[in-house]
2 protein chains.
Amino acid sequence: MTPHTPVGRPLRPQGKLLQEDARRHHRSLLLQQLFRDGPASRADLARASGLTRVTVSDLVGEMVAEGLVTELGAPEVTRVGKPPMLVGLAADSHHIIGLDLSETDRMSGAVVNLAGTVLARHEVHVDGAEGERAVELVLRLAADLLAMTDRPVLGIGVGSPGVVDTSGTVIDAPNLAWSDTPLAARLAAALHLPVFVANDANTAVLGEHTFGESGDGGLMVLRVGTGVGAGFVLGGSLLHGHLGAAGEIGHVVVDPEGERCACSRTGCLETVLAAPRLRRTVAAPGVDAPAALADVGRRLGEVLAPIVAALNLHEIVLSGPAELLDGPLLDATDRTIRERTMPISSTGLAVRTSKLGEDVVVVGAAVLVLAGELGVS
Amino acid sequence: MTPHTPVGRPLRPQGKLLQEDARRHHRSLLLQQLFRDGPASRADLARASGLTRVTVSDLVGEMVAEGLVTELGAPEVTRVGKPPMLVGLAADSHHIIGLDLSETDRMSGAVVNLAGTVLARHEVHVDGAEGERAVELVLRLAADLLAMTDRPVLGIGVGSPGVVDTSGTVIDAPNLAWSDTPLAARLAAALHLPVFVANDANTAVLGEHTFGESGDGGLMVLRVGTGVGAGFVLGGSLLHGHLGAAGEIGHVVVDPEGERCACSRTGCLETVLAAPRLRRTVAAPGVDAPAALADVGRRLGEVLAPIVAALNLHEIVLSGPAELLDGPLLDATDRTIRERTMPISSTGLAVRTSKLGEDVVVVGAAVLVLAGELGVS
DNA sequence: GCGATAAGTAAGTGCGGTGAACTAACTAAT
DNA sequence: ATTAGTTAGTTCACCGCACTTACTTATCGC
């Protein structure tokens with residue numbers, strides 16, 4: 001067997017590893033299998049994981065006791081030997097609270113089950129709340145959602161605008177006037193649950209990675225809304241970046257002779273691609289809307305081409321108003337990327353719009369919890 | 001303690017974890033400590049790693065027996081209590097063979113010790129060798145270098161041009177006429193040693209990551225030679241990309257009205273930035289060389305800006321002919337990146353040239369072995 | 001019915017860590 | 001010189017986890 005370069009695995013060891021960690025890891029391994037490929041017998045799980053049937057039985061027993069996994073009876077098809085007992089993830093044994101704070105006028109959230117299905121929604125109006133008042137609004141939204149489920153709650157995931165560090169502190173979010181606001185800590189202290197906070201584009205890419213039809217290569221999700229932001233899953237891990245600001249491409253300059261942007265720069269990507277701006281563009285009298293959208297798509301392609309080549313991405317998913325993104329814009333983006341990169345970079349690439357709609361962020365926030373608590377995604 | 005989003009850690013569990021793995025992991029943890037911060041006592045190692053003194057003593061004893069680590073006596077400074085016995089990595093207990101196949105006319109290699117010091121060099125001329133003959137040339141180079149050390153050899157690391165997959169198979173390297181050439185397997189079979197092969201820009205970024213003065217944030221190394229390529233260390237891991245082609249940015253179009261490129265496209269980055277091309281540019285009669293270099297730098301900045309914003313990089317290192325890269329070109333690149341990205345992306349960023357010179361690739365190839373065999377970098 | 005085959009369980013083993021208690025070697029104060 | 005206190009490193013008993021071995025259970029094909 002030839003040694004091979006580590007993939008996804010960090011180059012350096014991270015910390016000490018207890019037996020307890022190994023057990024949790026193996027639990028995750030089994031859960032992941034059930035999560036992705038559905039019910040299986042203990043023997044199936046043993047074969048898939050490489051663990052022995054004994055160990056698998058032990059772990060499964062533990063998870064059945066917790067209610068996370070349930071026995072489902074034998075499969076219809078009948079073969080030689082003792083018929084297996086299928087076990088499967090009990091999707092509604094626990095619920096997750098997912099919050100989406102990315103919209104300007106409201107904060108929305110949902111109760112989500114372990115299969116990523118949205119079971120209930122709730123929202124609060126922001127009404128200009130800022131700073132501490134905005135934090136309290138989030139607390140109330142989360143508490144309201146908690147009251148809407150009678151199942152044990154695995155945790156709370158939050159997709160927040162702005163730059164968020166790995167401890168769940170919002171470093172900077174102008175719209176809500178947050179800076180160095182320890183949102184995860186505040187929620188955890190108030191609600192006594194595990195809390196995970198990430199940038200909304202980052203939760204979106206997690207949602208797409210887990211519940212979209214994406215493969216295992218590099219994935220980029222570009223969110224087009226009031227602003228423009230992106231999230232990346234590379235080598236099986238969410239990319240944070242040096243200061244947690246990975247994906248902040250809304251203010252990359254695409255046209256030095258373009259419009260003045262609120263950020264004081266000129267011709268930022270947002271000045272052509274933000275949703276309100278796109279709507280104005282296509283509604284302008286005497287404008288060939290498809291051509292205008294294609295023009296925006298071309299500019300987007302120019303920004304994405306270097307990224308595609310650098311990262312050798314597998315998929316780019318556009319998330320936002322489909323009526324604007326899907327069509328000439330997407331086509332022009334795709335075409336421009338291919339025109340501007342080598343076949344080796346672009347042949348393995350698919351560019352498409354998201355099928356998850358507006359739920360990507362809340363569902364992705366739930367994935368944050370799933371990954372953090374169960375090691376599943 | 002608040003849960004936090006995993007960094008560098010993959011979202012999903014990868015495979016089963018044996019106790020043996022835990023022990024190797026802990027060994028790496030100690031080696032890493034000694035590697036980075038130099039000699040320490042067993043008690044120091046215990047404090048730094050979180051392992052108990054008992055475990056550390058056990059592991060250190062094992063490594064001392066193997067010769068990897070040696071006792072160095074007590075430190076000069078005298079404090080209360082029993083004086084500690086310092087232990088340190090025995091840099092010359094094992095050697096590593098590093099190969100650099102990226103130059104067009106020759107293949108070069110070196111014997112490197114565990115501290116990354118080049119102890120001996122050797123090279124062979126390619127003389128147009130291709131395909132199988134080129135493979136044999138690599139075998140001979142490696143064998144020659146093996147004969148130059150009397151220490152046990154930890155492994156062989158290779159920086160190859162072209163696209164290399166994680167198993168060390170060269171998917172495509174036009175210059176050497178390799179396609180799907182299992183280089184790592186061939187070397188391993190012939191020399192009975194662990195072999196690691198990666199793209200030369202990828203080994204370069206590893207070299208810079210480990211032996212350059214770079215921090216722990218995202219690092220990009222841009223190699224400017226006959227061609228242009230890049231490598232990335234993100235979140236503590238080497239980035240491979242979907243098909244192993246991450247970093248292949250030499251043929252990103254920077255100027256649709258530019259020169260025709262060998263790749264049949266027009267205005268690729270290589271048509272302005274490749275070293276031979278740069279030399280011609282500055283030597284052209286009647287040309288303002290600094291201005292011309294600045295112009296190239298600006299174009300490079302335009303390609304890098306989206307990448308910087310997307311990845312929130314910490315450092316960009318240019319590796320290649322310093323007389324061309326350092327100065328107007330670098331300055332213009334830096335300036336353009338800052339003009340075209342938000343402060344949040346660019347303030348944490350440093351753009352500089354490499355101090356490791358032409359050895360980056362061989363030393364980086366050695367890092368490939370260090371990381372693979374000892375879990376150290 | 002009976003052997004073959006597969007699923008799942010019970011008991012015992014070994015490995016790799018831990019904590020507690022120990023020895024060794026030194027400094028500092030009396 | 002004696003005593004107390006501190007730090008390094010080791011010995012030993014124990015524990016958690018996954019493994020192997022050996023079994024029971026349950027079905028199929030004959």
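Bear in mind the structure is a predicted one, so any value in this text is a computation, not a measurement. Each chain gets a letter, A, B and so on, in the order its sequence line appears, and its residues count up from 1. These numbers come from the heavy atoms of this one structure, side chains and all, not from hydrogens, waters or symmetry mates.
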Please report the distance, rounded to the nearest Å, between [atom1] in [X] and [atom2] in [N].
{"X": "A:E71", "N": "C:dG8", "atom1": "CD", "atom2": "C1'", "result": "10 Å"}
{"X": "A:L86", "N": "C:dA6", "atom1": "CG", "atom2": "P", "result": "17 Å"}
{"X": "B:R24", "N": "C:dC15", "atom1": "CZ", "atom2": "C1'", "result": "14 Å"}
{"X": "A:D58", "N": "C:dA11", "atom1": "CG", "atom2": "P", "result": "13 Å"}

Verify the contact: side-chain N or O of B:T55 to OP1 or OP2 of C:dG16, cut-off strictly under 4.0 Å; return yes or no.
->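 B:T55 to C:dG16 OP1/OP2: no side-chain N or O under 4.0 Å.
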Grab the two heavy atoms, one from [X] and one from [Y], that are nearest each other, plus how far apart they are.
{"X": "A:S377", "Y": "A:Q32", "answer": "N-OE1, 3.0 Å"}
{"X": "A:V118", "Y": "A:A110", "answer": "CG1-CB, 3.8 Å"}
{"X": "B:A142", "Y": "B:I156", "answer": "CB-CD1, 4.4 Å"}
{"X": "A:L146", "Y": "A:I97", "answer": "CD2-CG1, 3.9 Å"}

Pair [X] + [Y], salt bridge at N-O below 4.0 Å:
{"X": "B:R24", "Y": "B:E373", "answer": "no"}
{"X": "B:R27", "Y": "B:E66", "answer": "yes"}
{"X": "B:R23", "Y": "B:D58", "answer": "yes"}

Residues touching DNA chain C, which here means a heavy atom under 4.0 Å, drawn from residues 42-54 of chain A |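 Output list: A:R42, A:A43, A:R47, A:R53, A:V54.
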Going from CG on B:L29 to CG on B:L45, what distance comes out if it is rounded to the nearest 0.5 angstrom?
->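 Rounded to the nearest 0.5 Å, the CG-CG separation comes to 9.5 Å.
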Examine the base of C:dG17 for any acceptor or donor lying under 3.5 Å from a partner atom in the side chain of A:Q19, and report the outcome as yes or no.
->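 For A:Q19, whose side chain was compared with the base of C:dG17, there is no donor-acceptor pair (under 3.5 Å).
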Contact pattern, 5' to 3', of nucleotides 23-30 of chain C - B, S or - by protein heavy atom under 4.0 Å = -BBBS---
Option among A:V376, A:L68, A:L86, A:V69 that satisfies the side-chain contact (heavy atoms from CB on, under 4.5 Å) test with A:L34 =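 Running side-chain contact (heavy atoms from CB on, under 4.5 Å) over A:V376, A:L68, A:L86, A:V69 with A:L34 returns exactly one hit, A:V69.
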Under the criterion side-chain contact (heavy atoms from CB on, under 4.5 Å), which of B:L206, B:N199, B:T203, B:T166 is the partner of B:L238?
->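 Looking at B:L206, B:N199, B:T203, B:T166, the match for B:L238 under the side-chain contact (heavy atoms from CB on, under 4.5 Å) is B:L206.
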May I ask you to decide if the ring planes of B:H242 and A:H314 are parallel, tilted or perpendicular, using 30° and 60° as cut-offs?
->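 Answer is tilted, since the angle falls between 30° and 60°.
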5' to 3' contact window, DNA chain D with chain B (heavy-atom distance under 4.0 Å) =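 The contact span of chain B on DNA chain D goes from D:dT6 to D:dC19.
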